[in-house]
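Working notes, structure below.
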Amino acid sequence: MLFPAVHELGFKAGQTCYKLWHNAYTLPDVGEALEFVKGFPAMYSIWWWNLVENDPLHVAVETILLLSIIYIMASRSTQGYKNGKDNLSTKETEELLGDWKRTRAPLAPSVEEDGGDGECLIVHEQHGKMLTVSTVNNPGTKTKVMNFCNFDFLGFQTSSLLKKASTEALVKYGCGSCGPRGFYGTIDKHLELEDTISKFVKTDGAIMYSDGASTCSSTVAAFAKRGDVLVVDEGIYEPLMTGVYLSRANVHWFKHNDMEDLERVLDGLHKTDLKLGRKPNALRRFIVVEGLYKNLGTIAPLDKIVDLKNKYNYRLILDESFSFGTLGETGRGALEHFNKRHMYDAEIVTIALENSIGSVGGVTVGNEEVVDHQRLSGAGYCFSASAPPFTASAAIAAIQHMESNVDCIEKLQSNMKLMYGCLEKTLTKLVVTSDERSPIVVLQLTKESEYEADIIKGIMQECLSRGIAIVSTGQDACGHLRTELAPALRITVSALHTEADITTAVDVLEESSKAIMKKFPHYSP
Amino acid sequence: MKQQSRLRRLLGLKEKNAEKEINDLSTEYPETEVSSTSSGIASHDSSVDDDGFQDDAFADVRDRMEELSARDRSRYASHSESHAEEELKLPVFAAYTTYLGYAVLILCGHIRDLFANIFGHGRYLRRKTPYSSDNLQVFAPLLKSWENFYTRRLYHRIQDCFNRPIASSPGASIQVLERVSDNGTKTLELLGTLDDLDSDKQREEYEKSPHFVKVSQDRVARNCLNLGSYNYLGFADDWNITCKDEVVGSMEDLPVSNSSPRNEYGTTRLHREVEERVARFLGKEDALCLNMGFNTNCTTIPALVHRGDLIISDELNHTSIVNGARASGAAIRIFHHNNSKHLEDILREAIVMGRPRTRRPWNKILVIVEGIYSMEGEYCDLANVVRVCKKYGAHVYLDEAHSIGAMGPTGRGCSEYCGVDTSDIDIMMGTFTKSFGGMGGYIAASKDVISFLRKSCAGSSYHNSLSPVVCQQVISSFKVVMGEDGTNIGKQKIHALRDNSNYFRMRLEDMGLHVLGHYDSPIIPVMLYNPTKICSFSRECFKRGLAVVVVGFPAVPIITSRARFCISAGHTREQLDHALKEIEEVADKLKLRYAVSTFG
């Protein structure tokens, strides 16, 4: 029988090995070991012939298998493209290099192909709500238009208050800060601003960045790291999106402002945890939303989000860049609007100072841990020069004004009401898609069509020629956003506008949309 | 030798020195005795006097400075094959003690944590808070443990060396506000007025200090010589003379901030003027200016390269470049710092092999280098990088954040210094923060690229545009640098910066410190190695009225902690001599002369 023989041989080999091993440590009898080794080939050949005799088929199959494995391994090493070891000759290499140089893509498409600049307007002067603009190609002909385009919600942009504060700071500190915050770029004005704003929104602390956009992206990337969970609204704007991308966390999207979908996502993640037996505190989890969505003019339902976040134990990263100064009775933002508190209901809140406040930069507010961590980990804070002190000074002036006087916020909110009322009454060709508490008014065409983008752009230009500056969005938003935006018109309501301004603007908008749509007979709303 | 004499002519050096072997000069010249009174001696045979400068503050050491500068230039900025770099050897003793130092710090930190937990008493013990997210039963801690440990037990102990607040413009001398801590530098508070101090003894101590000053509202500050700010051309010093009127005037017609992206209503006439000026200054077709230098890199790189493209980046490139490259989705390869030979190897292999797995050819390859590396003080081997890229058809992206305005005879940056035609560099990026005393960054490139970027770069289509006030600052400072203000202040600034930094570097090297970087670069890092020396160097200097920057992990590798001096055109010879005298004392005290002895 084959198997006992094989088994016996195996046993013998084992014994031999044991002996050899054992003897190696007990100063072996060299002669005995040598004899054993000498006898080994004979034993092996006996075993082999035994095998061939008893089970020739077995031997044949195994031999073929062995040969084919050798063949495959040998042939693989010659197929260079699989293991990256091309044995190219110098000539071939040079040819490849030359070919690539000829066929490589240009850095950017040429201007003719691409259709010219994205910019079309130059602002020459701005006083209050009036802008003096001209086109890029024709800078000589300037027209005066009314500002329904900048995010100057409270009218701070050109206020003498900010200008006075800026001038004072400029004279004292010069313009730039010439260094990052860590290395003598911290000027007392920065600290004063951080103090002012944290007192204003009632948090432990605040940290100032020199650019509004990098505030969001650096903050998200400072806390969410690889392996963490981010649950993100699909409607977020570009800086948050960059932050989410840079964090390299596991991202789960939910439909814009759809609380059922959010619950579905959170529930799904919860079930995965249960399935994997993961503890609730094993991962850091964040929900990322905007208070007031820049692109859509909608308001995040923070009451429901906070409920869900508490139910599933998530932290909330909230961007208040556009809601700060516009929502809430005293302009403290979306959290105030929903009667929620900083640090308790939203752990990390970013605020750009570039919109309502009319200055430059941004801040992140939160508890001590949140703020201090960013001083070492916020990329835009550590590795970038700090904001010029005059911007901090201007922001302080604006916040102090907001604090002492809520008139401007009330005025903004009454203007908003008026605007939405007028739009509802007058508009026939366009439909309002933004929330009626949002100062960013977004208007879309009533029907989708291939001419949509052209019509929207046409209306914008027509309005401009009639003295009302509004913005058309959605043409070149590609690549930076999660969802493609439908072409839309954006009107920004400001506290500077009077009732007459708003009614005129709405009338102009209606007239221009009628005029433009005549040019597109194929489009019927 | 031929090349060296050509360089000599380029630099306007005197013929009598032409025969001397440049590389050996540093040993031939004895250490020059300099006293603080020797400045201001008129010298007519100095190399710059044809520019109309009567006083050459560095007449006594002029020759030696120029030789050293020419030596480095011929080594590192030449058109020849890349030079084998002579790297500073890390002293074995320093390496061991550094690792030992960190080991002790980490061990002590853990012991402190342990005791805090046992006795329930410690600065960093988690207090009970009312916030729901602090319930660690269901929430993961917000901070990862090592990061958190590093911050608590290593960084917080020397926190007073960083983030020092100042109460003046960041010029050559600054007023640093005094801070105090009642919890062992876990948190630092501004001292405020002298009355906030506990005892009269402390008060006396402050008042007796030679650097004691009171700033607005009687706050206690220390008057320091600023060796840390990137105020290369000194616009922070003479801002009121050179820029004030125009900058303040810009607010008459334009707002403080536009609150609108460039593509909407964020382009003012000033933005256009800045761009036109930058393009003209650099000899490129067009330029684009954005709100923040950091974001300029972060947003333009993703706009230019995508999946299917390749980025080849220097290993020491700035975080903004790293972030931009990561956000772009392109493949990233890293080449050894300033090693164009390695760059060539990587380029060849990348082109021949194509994309991983699919083997399709790359769409385009972007090579990203910096003009001056901010932590090394070295300038880029631009001539060789450009030669290699041109040979294989890769695009070059040059980040001149630190070199624009600071290098080259007319301040046009690294390309001018290395003699590289700007038309060979596809994209020139730079910032206005440093030399120009403003904020924001620019991209200068061909019309096609800029027009494409205006539309597709997030910084231009979504982010707030550069403040018009800052635009005016940039215009005003450019006018000075370009000599369009009708004076030669700009020229003087550029020469002063070069002289100051070369002088400072030379003297530091003479002291036997381990100095990194090349001559003609205004950034001068000095190696400290040991973690304890980071804080003691900073504190000792601060005590003596020098505001210096010290850098440790994670900005640099853990073993190569350093102090970094940034020289400005605003410094005078007296100030530099004073600083050097103090640094010499500190170096003796802290045993920093690693070039002289292994034990420092």
Side-chain angles (χ1 to χ4, degrees), chain A residues 93 96-97 100-101 104-105 107-108 110-111 117-119 122-126 149-152 157-158 162-163 166-167 173-176 178-179 182-184 186 188 191 211-214 238 245 280-281 283-284 313 315 343 347 354-355 359-360 373 379-380 383-385 388 394 471 476 480, chain B residues 131 133 138-140 142-143 151 162-163 165-167 169-170 228-231 236 239 248 251 253-257 259-260 263-265 267-269 291-292 294-295 319 327 351-352 361 363-364 393 395 426 433 437-439 447-449 451-452 454-455 458 461-464 467 473 547 549:
Chain A
T93 313
L96 278 172
L97 292 172
W100 187 82
K101 196 176 172 182
R104 69 183 173 143
L107 204 50
S110 68
V111 182
D117 273 356
E119 287 176 1
I122 298 180
V123 178
H124 292 268
E125 276 178 40
Q126 183 175 350
C149 51
N150 290 354
F151 298 112
D152 182 20
Q157 254 186 22
T158 55
L162 260 69
K163 286 186 177 171
S166 305
T167 311
Y173 300 101
C175 187
C178 292
F183 305 147
Y184 305 100
T186 304
D188 50 0
L191 300 177
D211 179 62
S214 76
E238 183 275 336
Y245 195 91
N281 62 358
L283 297 175
R284 279 176 296 188
N313 299 322
R315 290 186 174 94
M343 303 195 290
E347 280 75 18
E354 292 161 352
N355 306 314
S359 180
V360 178
H373 177 60
F383 298 106
S384 160
V471 180
D476 32 50
H480 297 291
Chain B
Y131 316 130
S133 62
V138 286
F139 279 94
L142 191 60
L143 312 176
T151 312
F162 306 98
N163 293 310
I166 63 173
S169 77
S229 290
Y230 305 136
N231 171 32
W239 189 84
V248 173
M251 276 192 284
D253 285 342
L254 289 166
V256 176
S257 157
S259 309
S260 187
N263 284 2
E264 291 170 6
Y265 290 81
T267 305
T268 66
R269 57 188 159 82
N291 189 25
M292 187 188 183
F294 186 88
N295 260 7
T319 316
I351 295 171
V352 170
N363 287 338
K364 54 197 167 211
H395 301 290
D426 299 86
T433 322
M439 179 200 182
K447 270 221 145 49
D448 291 348
V449 172
S451 150
F452 174 72
R454 278 190 210 287
K455 278 209 289 200
S461 51
Y462 295 107
H463 302 177
N464 189 25
S467 155
Q473 161 70 24
V549 166

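Since we're looking at a predicted model, the values are computed, not measured.
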Among P255(B), P165(B), P170(B), S169(B), residue most engaged with chain A (heavy-atom pairs, under 4.5 Å): P255(B)
Residue pair M439(B) / V360(A), side-chain heavy-atom distance below 4.5 Å: yes
Residue selection (most heavy-atom pairs with chain B, distance under 4.5 Å) from L162(A), L96(A), L97(A): L97(A)
Interchain contact, F383(A) with chain B, by part (heavy-atom threshold 4.5 Å): both
Proximal component of N231(B), with respect to chain A [non-hydrogen, under 4.5 Å]: both
Short side-chain to backbone donor-acceptor contact, S467(B) and V256(B), under 3.5 Å: yes
Partner chain B: residue of A108(A), C175(A), P280(A) with the largest heavy-atom pair count (under 4.5 Å): C175(A)
Heavy-atom pair with the smallest gap, counting every atom of E354(A) and G212(A): OE2-N, 2.8 Å
Heavy-atom pair count under 4.5 Å with chain B, highest-scoring of G182(A), A213(A), S384(A): G182(A)
Atom group of T319(B) that falls short of 4.5 Å from chain A, counting heavy atoms: side chain
Contact winner vs chain A - N291(B), T151(B), V248(B), heavy-atom pairs under 4.5 Å: N291(B)
Option in G228(B), G438(B), P361(B) with maximal non-hydrogen atom pairs under 4.5 Å from chain A: G438(B)
Minimum heavy-atom distance between G179(A) and Y230(B), given as atom pair plus value: CA-CD1, 3.8 Å
Flag, side chain of N263(B) to backbone of R454(B), donor-acceptor distance under 3.5 Å: yes
Any side-chain heavy-atom pair of R104(A) and I351(B) under 4.5 Å: no
Expected output: side-chain R284(A) to main-chain A140(B) donor-acceptor under 3.5 Å: no
Chain B interface, residue from T167(A), D152(A), N355(A), T186(A) that has the most non-hydrogen pairs under 4.5 Å: T186(A)
Contacting moiety of Q157(A), where chain B heavy atoms sit under 4.5 Å: both
Distance, nearest 0.5 Å, that separates NE2 of H395(B) from CG of L107(A): 5.0 Å
